[in-house]
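Here is how names work: the chains are called A, B, and so on, in the same order as the sequence lines, proteins then strands, and each is numbered from 1.
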Number of protein chains: 2
Amino acid sequence: MSDAPIAERLLAIFDDLPPQHQVAARWLLDHPHDVALLSMREQAKRVGVPPATMTRLAQRLGYDGFEELKEMYAASLRGHAEHFAGRTEKLLQRRALDGDAALTSDLLADLSGHLKLLSSATTLSAIARAADIVVERERLFCIGARSSFSSAHLAAYLLSLIGEQTVLADGAGSIGLDALRDIGPNDALLAMTIAPYTRVTVEAVAFARERGASIIAITDSNVSPIARQAKATIIVPTSTPSFLQTVAPALIVIECIAALVAARRGKKAVSAIAAAEDHLERFGSYYTDKTNKGRTS
Amino acid sequence: MSDAPIAERLLAIFDDLPPQHQVAARWLLDHPHDVALLSMREQAKRVGVPPATMTRLAQRLGYDGFEELKEMYAASLRGHAEHFAGRTEKLLQRRALDGDAALTSDLLADLSGHLKLLSSATTLSAIARAADIVVERERLFCIGARSSFSSAHLAAYLLSLIGEQTVLADGAGSIGLDALRDIGPNDALLAMTIAPYTRVTVEAVAFARERGASIIAITDSNVSPIARQAKATIIVPTSTPSFLQTVAPALIVIECIAALVAARRGKKAVSAIAAAEDHLERFGSYYTDKTNKGRTS
DNA sequence: CGTGCTTTGCAACAACTGTTTCATTTATGG
DNA sequence: CCATAAATGAAACAGTTGTTGCAAAGCACG
């Protein structure tokens, strides 16, 4: 790629660049495909710097202006495109890859299929129903064990970030399900488990149901022990070409629910996030150098 | 490629096109790479037709104007081919859905694009390198905070499941980074953080590096504070149509690494899992009824 | 605490973008 | 051969492009 040298040079001098130029440089590094395809102003807008900064960065790199730099990226894109001219080549290429890359891209292909499943009408509406429940109820308890714990944790984190009252029921310190002690009809329980189903999760669901709480179940089958207990059941695929199962679809469902809840809360969610970030900043949780102020993309 | 359908259609109606339009169409067919990279006027000049002809040809193809056609070619250049392939369909479909389902399927579409990015050659090889490191080193420490914690947790869980020596460095009980106290050259640290970067994670990486440990970084940019510290750096996309970021790609990378490590360990990994499951069964961790014996998918 | 230098954002710039209108030419069918 | 429609090219259009001049702010150094 002919933009590779540019990227390298950019990386080399990156630390010596003034802050705004670093922000711009970061865009070039992170979105090489877009440089030639978007107008400079458009890119400037996306990064959050004035157009002039783009031109200046290009000039600093020794080019006449941003247009010349764009030309370079265009050339590299052309080369790249020719290289990838045919899809068939790519497939052949894959077979030729060593086992590692083959396994990995098989796994990714599988997941891509799973994503399609998630966008089926039944799943979409189940997700929407789950979001409804979260919005309606006062508190949300989240539970998930073993591989499902990561999803449960993310659910608790994201939803509390956008201002929901959430409680993560993990077993830290062996307190087990004590967190659920005062769960009631005004609360909801988001439970996630896939085969082989974890006992505590199943029991937590049963318990929460007795108490009149609304259940949101994320699981792998309609006959999963928690599926029929729930007010909203979301079935996620878990198969992979490896003998390990995947929880990625489940995690994605969590993110979808969070996005929906955020959308419904609207400004309230935005200000909750802002407050959370202020809080974190005050305690110096974030790493800062003059470089990375904003979020790219 | 998303310009393929255009090319096909162009070819089909070519003979019925008026002479000047044929000339223009020939350009599109012969120089698909340039369509998105050159201005329409420039292309018109090269072909020898007035600019208007270009616009008119595009309109004849059903597009609003040449700009829209350019957009299609741009998408195909980016490699997001699939993503834009059924863009119009998707847009129509989306309009028909209520707001909830629309947002959700947008999110899923975005993720689908991210998956493609993950299967790029550079990412694949970075993942393979990461797996190498895990296999080579004696112990693997995992760290990730906030939204990245779920990925770190899953990494620690999966890899210990298949028999790797793993330590999850979370801050439970405020012990902070004590877990890293005795990290050394024979160990590896898998660290994950996305903007805004969490201070402890960045510091943990710096510390581990001083101690001579190998770093595997999963982050969102080449200029992330941990990217250049690492022996293997995997860049994951995090953007979504919502204002929340996604960690799904990162989680998927984790699963890929785990799958690769499992593959390399071979039988050893399988027996490790079997042992772990026996262990769990003995302690009654799993829920059982006559219904659910095996794993559904 | 200034001094000189760099960095930054704004506003104005001319050049160029893609589109459209309209008069003219060319082809087509009765 | 004319009448009608289609195709064409020139010119004008508003909008956007990338660039630059300038003033204000920020910074390091003495």
Rounded to whole angstrom units, what separation is found between the [atom1] atom of [X] and the [atom2] atom of [N]?
{"X": "A/H21", "N": "C/dT8", "atom1": "NE2", "atom2": "P", "answer": "5 Å"}
{"X": "A/Y73", "N": "D/dG18", "atom1": "OH", "atom2": "C1'", "answer": "17 Å"}
{"X": "B/M54", "N": "D/dT8", "atom1": "CE", "atom2": "P", "answer": "13 Å"}
{"X": "A/L57", "N": "C/dT7", "atom1": "CG", "atom2": "C1'", "answer": "13 Å"}
{"X": "B/K45", "N": "C/dG18", "atom1": "NZ", "atom2": "P", "answer": "12 Å"}
{"X": "A/K70", "N": "C/dC16", "atom1": "NZ", "atom2": "C1'", "answer": "12 Å"}
{"X": "B/Y63", "N": "C/dT20", "atom1": "OH", "atom2": "P", "answer": "17 Å"}
{"X": "A/E42", "N": "D/dG18", "atom1": "CD", "atom2": "P", "answer": "10 Å"}

Look at the side chain of [X] and decide which nucleotide, out of [options], has an atom nearest to it.
{"X": "A/Q20", "options": "C/dT8, D/dA10, D/dA7", "answer": "C/dT8"}
{"X": "B/P50", "options": "D/dT19, C/dT8, D/dG9", "answer": "D/dG9"}
{"X": "B/E67", "options": "D/dT8, D/dT19, C/dT19", "answer": "C/dT19"}
{"X": "B/S39", "options": "C/dG18, D/dT19, C/dC10", "answer": "C/dG18"}
{"X": "B/M40", "options": "C/dT7, C/dT20, C/dT19", "answer": "C/dT19"}
{"X": "B/T53", "options": "D/dG9, C/dG18, C/dG9", "answer": "D/dG9"}
{"X": "A/R41", "options": "D/dG9, C/dT19, D/dT17", "answer": "D/dT17"}

Are any non-hydrogen side-chain atoms of [X] and [Y] less than 4.5 angstrom apart?
{"X": "B/S214", "Y": "B/L189", "result": "no"}
{"X": "B/V47", "Y": "B/M54", "result": "yes"}
{"X": "B/S150", "Y": "A/L251", "result": "yes"}

Are the charged groups of A/D16 and A/R60 less than 4.0 angstrom apart, N to O?
->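 Result for this pair is no, no salt bridge flagged.
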Would you indicate, yes or no, if D/dA6 has its OP1 or OP2 atom less than 4.0 angstrom from a side-chain nitrogen or oxygen of B/R56?
->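 No, no such contact exists.
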Are A/Q59 and D/dT20 close enough that a side-chain N or O sits under 4.0 Å from OP1 or OP2?
->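 Affirmative; the distance criterion is met.
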Evaluate the criterion side-chain contact (heavy atoms from CB on, under 4.5 Å) for residue pair B/S148 and B/T201; output intermediate values, then yes/no.
-> CA-CA 10 Å; B/S148 300; B/T201 307; over 6 Å; no
